[in-house]
Amino acid sequence: MYSKYLTVREEYIILRLGCHLSIAKGLDKTAKMAGEVRANTFQYFTRNPRGGAARKISEEEIKLWKEVRAAENLYPIVGHLPYVVNLATPKEGIHKFASKVLLEDLERMEAIGAEYLVVHPGSHLGEGKEKGIYRIIKALEESLLQFSGKTSLLLETMAGQGSEVGSLKDIRAIMEGLGNPESLGVCLDSCHLFAAGYDFRSSQGLEILIEEIHEMFGLDKVKVFHLNDCKFPLGSKKDRHERLGQGYIKKEGFLNILSNPAFQEVPYIIETPVENYKEYGEEIEQVYSWLE
Ligand SMILES: [Zn+2]
């Protein structure tokens, strides 16, 4: 069904390509930073990566942000929960905290008109996948299912490091456990998928991945694609991002994804290890030059 492999993107589809940016100086500044690096979408941490309190976003900041966002034509806006939020933890207090933070951040994202909130499904910490999945479902019942706004939650596919939950199959189990709510989607990550063993450097390898997505939850559930190269070889299960073209995925792997009909309308967010955000300008230029 998706076997028609294109070598170039369809020109009439706008490529939504951006990167991870900081909102520490205010959302309007972030919108300007995006413009500086030629990003037409961006992702930010909803709070300090180590957890902690969320920065208060005032009414004035939201008003200014909405104006700058429209002027810069930014879409979609993606929040990312800090890595310490573990929805699968067996520790009761931390589990409660995780659902609370998730619900709060969905509400904070709704307030600024952001489209998606990405979360790593979590780590079961040795209790086994089944229990981990059960706890994620419980946490989402107490947060996502209590939320009535327009922002959607996206579960990210993981590399399978340690006790991580987050294979395509795990994500399907979570979706089914919640009764497949409309507000729940998926964020793919090229580095994580490659580390999990999907070799999309060949078109046949990419077809295998696409077929699996199709079987598990369907391509329409894929709302964001993290574009990262991988520091370690195929199937390493190690989540270590690398600059685009400098890791094991290389230009061929990225071109396969970017030019496949299955992923032409998905926004791409780069989260590669850069010294400062301006280097994302080089990463974005790299992608555009590959597509020429
Ligand atoms: Zn992530």
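Read the numbers this way: they start at 1 and go in the same order the structure lists the ligands and their atoms.
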Set of ring-ring contact (aromatic ring centres under 6.0 Å, His included) partners for Phe225, sequence neighbours left out: Phe263, Tyr268

Apart from Phe45 itself, residues in the same hydrophobic cluster as defined by side-chain heavy atoms under 4.5 Å: Tyr83

Flag if over 12 foreign heavy atoms under 6.0 Å of NZ, Lys129: yes

Residue pairs passing the salt bridge (Lys or Arg N to Asp or Glu O under 4.0 Å) test where at least one lies in residues 213-236, sequence neighbours excluded: Lys231-Glu242

Between Glu271 and His20: side-chain donor-acceptor atoms closer than 3.5 Å: no

Test item: His226 and Val118 side chains (from C-beta on) under 4.5 Å apart, heavy atoms: yes

Atoms of the protein (N/O/S only) found under 2.8 Å from the Zn ion (ligand 1): His80 NE2, His120 NE2, Glu156 OE1

